[in-house]
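Data first, discussion second: the structure below is written as structure tokens.
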Amino acid sequence: MPPSPALLRERVCTWFADAARDLPWRAPDRTPWGVLVSEVMLQQTPVVRVEPVWREWMDRWPRPADLAAAATADVLRAWGRLGYPRRALRLQDCARAITDLHDGEVPQGFDELLALPGVGAYTAGAVTAFAFGRRAVVLDTNVRRVLARALDGDALPHPHQTVGEVRRAEAVVPGDDAEAAGWAAASMELGALVCTARSPRCGECPVADLCVWRLAGFPADEHAARRRTQAWAGTDRQCRGRVMAALRAADGPVPREAIGWPDAAQLDRALAALVEDHLAEQTAEGYVLPR
DNA sequence: CAAGCGTGGCA
DNA sequence: TTGCCAAGCTT
């Protein structure tokens, strides 16, 4: 029998009151824009790498209109090595949409948030809960894992999020706005700090005695064999990363030959794709970050 | 809708 | 060492 949602919530939220990390986008003086920036930066990127970049961004571009007016090359350089630099482009597009369509204020409606560039279901829910303190389903990789273990007895959630999973997660969210926002933050934090993917710290877990996965003796992941592994060495993705690093580091145009990638055809494909993605521009002297 | 998209740290 | 994983989104 899985634990009742009410008991699960109470335990996790009580634990969170004491265990919550002191992150800058949780500070009392945070803005909705700061929360949105943090959520985009945190997509597939660990907190420790995001924090210094977030601080620099918020000092430099404290409002959406500031980022909207920035040079894209500066934005991409400030993004640094967070990875997935197209997120930086979308964040600037997002700032421009907020400036042009919402009077420079982050919209509070879920559908309006969802319509912003780079904002999907998770991020729209996270901003709703964390920036505006309103009820939302916030189902990220941490919460998915917590629910899979505590309620379903599975080691890990399914490789792809299902409709049924969202419905189940929705059923666990309290009705009250403040309580729902608290549950979102607390359940994510539990997944990030205790109920981790690799080696969970069940000794520190507030719901260890209720967890179906633990009570079942930690059965292994059924989908382990089907999870695709990320190839890396020699991939287009690595090549793109190498190009972007070279463009960020350069003051002027970078000749194609100066990038230092062994496979010329692959380099050309990557360059063309980066230009197509508006992450680079070609000039007579070489490639540059977009203005 | 499955695939593509960066990067670095850790078990 | 190397595969796995990290607050996903877009097409």
Side-chain angles (χ1 to χ4, degrees), chain A residues 16 20-21 23-26 34-54 76 79-91 93-94 113-131 136-146 155-163 166 169 181 183-193 195-201 221 223-248 269-270 273-274 276-280:
Chain A
F16 181 67
R21 286 169 294 180
L23 300 170
W25 45 86
R26 289 176 178 166
V35 172
L36 176 49
V37 170
S38 79
E39 291 303 337
V40 173
M41 288 183 172
L42 286 162
Q43 292 167 3
Q44 303 283 280
T45 306
V47 165
V48 288
R49 237 183 300 164
V50 165
E51 191 166 340
V53 179
W54 183 88
L76 287 169
W79 190 259
R81 295 178 303 184
L82 284 184
Y84 294 143
R86 48 176 48 169
R87 288 183 295 164
L89 296 186
R90 296 207 182 105
L91 201 43
D93 289 340
C94 180
L113 288 166
L114 193 58
L116 294 171
V119 176
Y122 162 75
T123 302
V127 172
T128 299
F130 303 148
V137 179
V138 181
L139 192 58
D140 76 325
T141 188
N142 291 302
V143 180
R144 293 186 69 216
R145 189 172 54 248
V146 168
L156 294 172
H158 290 86
H160 301 294
Q161 189 173 297
T162 64
V163 176
V166 178
W183 163 249
S187 55
M188 283 180 61
E189 196 80 332
L190 186 69
L193 298 182
C195 193
T196 56
R198 223 73 70 84
S199 23
R201 301 168 171 83
D221 176 24
H223 304 94
R226 292 183 47 229
R227 290 176 193 281
R228 70 182 192 84
T229 66
Q230 300 173 332
W232 181 243
T235 59
D236 289 355
R237 209 185 293 197
Q238 185 188 28
C239 184
R240 288 169 60 105
R242 189 72 58 86
V243 172
M244 291 304 294
L247 300 193
R248 285 195 307 267
R269 267 188 285 118
L274 289 169
E276 177 71 18
D277 291 345
H278 301 104
L279 284 165

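Everything quoted here is computed from the prediction, not taken from an experiment. The chains referred to below are lettered A, B, ... by the order of the sequence lines, with proteins before strands, and numbering in each begins at 1.
- Not one side-chain nitrogen or oxygen of A/Arg90 sits closer than 4.0 Å to the OP1 or OP2 atom of C/dC9.
- Atom pair A/His158:NE2 and B/dA2:P shows a separation of 14 Å (rounding to whole Å applied).
- Look at CD on A/Gln238: it is 9 Å from P on B/dT7, rounded to the nearest Å.
- Residue contacts for A/Ala126: at a heavy-atom cut-off of 4.0 Å it reaches no nucleic acid atom on any strand shown.
- Comparing the same atom, P, in B/dC10 and in C/dA7 gives a spacing of 15 Å after rounding to whole Å.
- In this structure, A/Leu89 places its CG atom 20 Å from P of C/dG8, rounding to the nearest Å.
- The separation between A/Glu276 atom CD and C/dT11 atom C1' is 13 Å, rounded to whole Å.
- A/Arg248 has a side-chain polar atom (N or O) that falls below the 4.0 Å cut-off from OP1 or OP2 of B/dT7.
- Put simply, the side chain of A/Arg87 gets close to the backbone of A/Met41: a donor and an acceptor are under 3.5 Å apart.
- One C1' atom belongs to B/dC1, the other to B/dC5, and the distance between them is 16 Å to the nearest Å.
- Taking a cutoff of 4.0 Å between a charged side-chain nitrogen and a carboxylate oxygen, A/Arg21 and A/Glu51 do not qualify as a salt bridge.
- Ranking B/dC5, C/dA7, B/dT7 by closeness to the A/Leu23 side chain, first place goes to C/dA7.
- Applying the 3.5 Å distance criterion, the base of C/dC9 shares no donor-acceptor pair with the side chain of A/Arg87.
- Looking at heavy-atom distances under 4.0 Å, A/Thr141 makes contact with sugar-phosphate atoms alone, never a base.
- Note on A/Val119: only backbone sugar-phosphate atoms sit closer than 4.0 angstrom, heavy atoms only; bases stay farther off.
- Of the candidate nucleotides B/dG6, B/dT7, C/dA7, B/dG6 has the atom lying nearest to any side-chain atom of A/Arg240.
- Considering every non-hydrogen atom in both A/Asn142 and A/Ala192, the closest pair reads OD1-N, 3.3 Å.
- Per the geometry, CE belonging to A/Met41 stands 15 Å off C1' belonging to B/dT7, to the nearest Å.
- Counting non-hydrogen atoms under 4.0 angstrom, A/Trp25 reaches a base of the nucleic acid.
- Sequence order on DNA chain C of the closest nucleotides to A/Asn142 and A/Leu116 puts A/Asn142 first from the 5' end.
- A/Thr45 contributes a side-chain N or O that forms a donor-acceptor pair with the base of B/dG6 under 3.5 Å.
- With rounding to whole Å, A/Asp236 atom CG is found 14 Å from B/dT7 atom P.
- Nearer the 5' end of DNA chain C, as judged by each residue's closest nucleotide, is the contact made by A/Arg198, out of A/Arg21 and A/Arg198.
- Taking only side-chain nitrogens and oxygens, A/Arg145 never comes nearer than 4.0 Å to OP1 or OP2 of C/dC5.
- Nearest approach of A/Trp79 to A/Pro85, heavy atoms of both residues: NE1-CA, 3.8 Å.
- Between A/Tyr84 atom OH and C/dA7 atom C1' there is a gap of 14 Å when expressed in whole angstrom units.
- Side-chain atoms of A/Arg86 do not come within 3.5 Å of backbone N or O of A/Leu279 as any donor-acceptor pair.
- For A/Thr123, the listed nucleotide lying nearest its side chain is C/dG8; candidates were C/dG8, B/dG6, C/dG3.
- Taking 3.5 Å as the limit, the base of B/dT7 and the side chain of A/Arg237 contain no donor-acceptor pair of atoms between them.
- Taking the nucleotide of DNA chain B with the nearest heavy atom to each of A/Gly83 and A/Ser199, the more 5' of the two is matched to A/Gly83.
- The distance from atom CD of A/Gln44 to atom P of B/dG4 is 15 Å, rounded to the nearest whole Å.
- Regarding contacts with the backbone of B/dT7, every side-chain N or O of A/Arg81 stays at 4.0 angstrom or more from both OP1 and OP2.
- Distances shorter than 4.0 Å separate none of the side-chain N or O atoms of A/Gln43 from OP1 or OP2 on C/dG8.
- Smallest separation of non-hydrogen atoms from A/Phe130 and A/Ala181: CE2-O, 4.0 Å.
- Side-chain atoms of A/Tyr122 and A/Gln43 form no donor-acceptor pair, as typed in the model, at a separation below 3.5 Å.
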